[in-house]
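Only one structure is covered here, and it is reproduced in the block below.
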Amino acid sequence: MILEKHIVYLYHKQKILNMEKLNFISSFYKHNNQYKTWKKYSNKIFGIDKDISKNEDIESIICTSIDSFNKETYSIKSIVDESRKLSDRFVLLNSDIELSENNLVWETILKIKDCLIIGNRYDYGKTYSDGKINPNGIDFFVIDKNLEIPDDHKFCIGLCCWDWWLPILAIKQNIPIYKINQPFIYHKRHAKNWSEQSYHCMRDHFFKATGLRDGLQLKQNILSKCENLIKDGP
């Protein structure tokens with residue numbers, strides 16, 4: 001029985017190694033090591049921070065930095081523009097995200113194109129087994145070439161609301177949205193790294209930019225238009 005389980009494990013591991021991979025893009029301003037869990041799915045991992053060249057696992061993308069709320073960050077517009085110079089399709093995610101080994105999710109991501117794929121994270125304390133889905137935490141995106149990003153440099157990685165902005169853009173552009181509905185994206189709980197001032201300012205800007213009135217309308221707009229990535233999932 002132990003030998004059989006080991007053979008099955010090796011089979012699935014080899015299957016992942018043989019699958020198509022995508023470029024992964026993130027900001028590593030906190031020098032997190034969670035990116036190591038992306039390697040099984042990533043063609044290359046790119047960082048947008050100035051000093052990322054110190055990490056031999058991560059290549060650098062040059063984006064113009066923006067000082068926002070006393071924090072150096074980068075606009076989603078500039079990140080997407082620079083990422084598209086490398087590939088038409090790529091993954092954009094936060095650097096503290098971990099990815100579990102899930103062949104089915106990754107194979108389905110590769111098959112479904114001409115869309116925006118989004119994923120809610122599972123917040124956990126000690127192990128993935130105590131992870132609970134965070135309905136407000138969209139931290140993983142697969143972006144295709146057809147999604148147009150407006151020239152709005154207030155939406156920046158590391159600040160609030162950019163993650164909800166991308167699905168709204170897809171809805172307005174009639175681009176299908178698929179939501180990952182399987183445990184795949186994990187995030188270890190930690191203290192928030194944004195201020196209340198930045199949250200309220202970005203929330204106000206988000207509603208102004210999208211024409212939405214409140215958070216309930218926002219979630220109803222997105223959730224009602226998302227299809228499950230895997231049809232028989234939860």
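Note that this is a predicted model, so its numbers are computed, not measured. Just so it is clear, the values below take in all heavy atoms, side chains as well, and ignore hydrogens, waters and symmetry mates.
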Looking only at atom types and distance, does a side-chain atom of [X] sit under 3.5 Å from a main-chain N or O of [Y], one as donor and one as acceptor?
X: S75; Y: H153; value: no
X: K225; Y: P167; value: no
X: D130; Y: G125; value: yes
X: E59; Y: K44; value: no
X: N134; Y: R121; value: no
X: N181; Y: I230; value: yes

Aromatic ring pairing [X]/[Y], orientation class (parallel under 30°, perpendicular over 60°, tilted between):
X: H205; Y: F155; result: tilted
X: W106; Y: F184; result: tilted
X: F28; Y: W38; result: tilted
X: F140; Y: F24; result: perpendicular
X: W162; Y: F141; result: tilted

Starting at [atom1] of [X], measure out to [atom2] of [Y] and round the result to the nearest 0.5 Å.
X: S195; Y: K71; atom1: OG; atom2: NZ; answer: 8.5 Å
X: K113; Y: K145; atom1: NZ; atom2: NZ; answer: 8.5 Å
X: D163; Y: L159; atom1: CG; atom2: CG; answer: 10.5 Å
X: L99; Y: Q34; atom1: CG; atom2: CD; answer: 10.5 Å
X: I117; Y: I109; atom1: CD1; atom2: CD1; answer: 5.5 Å
X: S27; Y: I79; atom1: OG; atom2: CD1; answer: 7.0 Å

Are any of the side-chain heavy atoms of [X] and [Y] separated by less than 4.5 Å?
X: L169; Y: I175; result: no
X: L22; Y: N43; result: no
X: R89; Y: V142; result: yes
X: S68; Y: T73; result: yes
X: I48; Y: I157; result: yes
X: N23; Y: S83; result: no
X: L166; Y: I149; result: yes
X: P183; Y: Y128; result: no

Minimal non-hydrogen separation, [X] against [Y], with atom names:
X: F90; Y: R84; value: CE2-CG, 3.9 Å
X: Y122; Y: I133; value: CD2-N, 3.7 Å
X: G119; Y: I185; value: CA-CD1, 3.5 Å
X: N102; Y: V105; value: OD1-N, 3.1 Å
X: E82; Y: C63; value: CG-SG, 3.7 Å
X: A209; Y: D152; value: CB-OD2, 4.3 Å

Would K188 and D96 count as a side-chain contact (heavy atoms from CB on, under 4.5 Å) here? Give the steps. CA-CA 8 Å; K188 191 166 187 178; D96 58 356; over 6 Å; no
Can you get from Y74 to F69 by hopping between Ile, Leu, Val, Met, Phe, Trp and Tyr side chains that sit under 4.5 Å apart? yes
Is there a path of hydrophobic side-chain contacts, each under 4.5 Å between heavy atoms, that joins I66 and I25? no
I'd like to know if K85 and D81 make a salt bridge, using a cut-off of under 4.0 Å between side-chain N and carboxylate O. no
Under-4.0 Å salt bridge between K132 and D123: no
Taking CD in E148 as the centre, count heavy atoms belonging to other residues, nucleotides or ligands within less than 6.0 Å. Is the count above 12? no
Take a 6.0 Å sphere around CG of D67 and say whether it holds more than 12 heavy atoms from other residues, nucleotides or ligands. yes
Where do D204 and F206 land on the side-chain contact (heavy atoms from CB on, under 4.5 Å) test, with the steps shown first? CA-CA 5 Å; D204 291 345; F206 174 87; over 6 Å; no
Please test Q173 against L147 for side-chain contact (heavy atoms from CB on, under 4.5 Å), starting from the C-alpha separation and ending with a verdict. CA-CA 8 Å; Q173 296 170 32; L147 181 65; 3.7 Å; yes
Under a 3.5 Å threshold, yes or no: a donor from one side chain and an acceptor from the other, between N94 and H187? no
For E98 and T37, which I'm curious about, is there any donor-acceptor pair between the side chains at under 3.5 Å? no
Report the C-alpha separation of D57 and I45 in whole Å, then their side-chain angles, then the decisive distance to 0.1 Å, and conclude whether the side-chain contact (heavy atoms from CB on, under 4.5 Å) test is met. CA-CA 7 Å; D57 292 330; I45 298 173; 6.0 Å; no
